[in-house]
Amino acid sequence: MQTPRSKGKMSLVRLKQAPLRMQAARKRDVRSQFAALCYRIQNEEAQVLLITSRASRRWILPKGWPMPGETPAEAALTEAFEEAGVVGRPFNVCIGLYSYTKVMEGEANLPCAVSVFPVKVKKLKRTYPEANERRRKWFSLKKAAARVREPELRKILKHFDPKLLEG
């Protein structure tokens with residue numbers, strides 16, 4: 001990610017983001033979601049926590065719908081706890097966007113635009129709401145990027161630099 005330092009914070013304004021490719025019949029058919037890019041520093045290297053989706057078992061970031069009374073970063077942290085048992089510190093900065101199609105059982109599929117918010121993981125709980133429905137695993141940034149399906153998310157993972165958040 002080619003973002004400059006601005007008093008130790010990342011800037012979304014200069015984020016190089018490719019256009020999202022979405023297929024929706026109407027603009028209002030696109031849904032917004034918030035994802036948590038959960039990370040830790042291990043041996044001076046950033047690692048990312050991925051989880052499996054419930055249906056296809058593919059590797060994804062914890063994510064979900066907007067929540068009344070919560071900022072996007074707080075909603076991402078809530079999803080990270082429910083889906084992966086993450087306790088951590090969310091950063092109120094969107095580090096990228098990606099799109100995917102949510103497969104809905106018995107309904108039309110939903111195109112989704114996902115805003116990604118970093119979360120520095122303090123600890124992982126052993127018990128959490130979706131513990132029996134998902135796997136979770138730490139990956140290097142390079143390996144995490146290779147495991148996810150969405151091209152825009154791959155790019156976000158490859159270029160994520162937590163030093164820009166904590167600088």
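FYI, side chains are in, hydrogens and waters are out, and symmetry mates aren't considered; it's all heavy atoms of this structure. Starting from 1, each residue takes its place in the sequence as its number.
Under the 4.5 Å side-chain heavy-atom criterion for Ile, Leu, Val, Met, Phe, Trp and Tyr, Leu61 and Ile156 are members of the same hydrophobic cluster. By the rule that hydrophobic residues join a cluster once side-chain heavy atoms approach within less than 4.5 Å of another member, Phe117 and Ile95 end up as members of separate clusters. Ile51 and Leu141 fall into different hydrophobic clusters, where Ile, Leu, Val, Met, Phe, Trp and Tyr are joined by side-chain heavy atoms under 4.5 Å apart, directly or via other members. Hydrophobic clustering keeps Val148 apart from Trp138 (ILVMFWY residues linked when any side-chain heavy atoms are closer than 4.5 Å, directly or through intermediates).
Between Tyr39 and Phe160, a ring centre-to-centre spacing shorter than 6.0 Å is recorded. A centroid separation of less than 6.0 Å is found between the aromatic rings of Trp59 and Phe139.
For residues 78-97, the set of pairs meeting the side chain to side chain donor-acceptor pair (under 3.5 Å) definition, not counting sequence neighbours, comprises Glu70-Thr78.
In this structure, Thr52 contributes its side chain and Arg135 its backbone to a donor-acceptor pair below 3.5 Å. Asn43 contributes no side-chain N or O that, together with a main-chain N or O of Glu45, makes up a donor-acceptor pair within less than 3.5 Å. Arg40 places no side-chain N or O within donor-acceptor distance of the main-chain N or O of Ala46, the cut-off being under 3.5 Å.
Within 6.0 Å of the CZ atom in Arg57, the count of heavy atoms belonging to other residues, nucleotides or ligands exceeds 12.
Rounding to the nearest 0.5 angstrom, the gap separating the NZ atom in Lys163 from the CG atom in Leu165 is 11.5 Å.
Across all non-hydrogen atoms, the minimal contact from Val114 to Ala35 is CG1-CB, 3.5 Å. The heavy-atom pair separating Thr71 from Glu74 by the smallest distance is N-OE1, 2.8 Å.
Here the side chains of Ser115 and Cys94 are in contact, with some heavy-atom distance below 4.5 Å. Side-chain atoms of Cys112 and Trp65, non-hydrogen and from C-beta on, do get closer than 4.5 Å to each other. Inter-residue side-chain proximity for Val116 and Tyr98 is flagged as met; some heavy-atom pair is nearer than 4.5 Å. Taking 4.5 Å as the limit, every side-chain heavy atom of Leu124 sits out of range of all side-chain heavy atoms of Val87.
For the side chain to side chain donor-acceptor pair (under 3.5 Å) test, residues two or more places apart in sequence or in another chain that qualify with Gln33 are Tyr100.
Salt-bridge check for Arg58 with Glu150: passed, with a basic side-chain N closer than 4.0 Å to an acidic carboxylate O.
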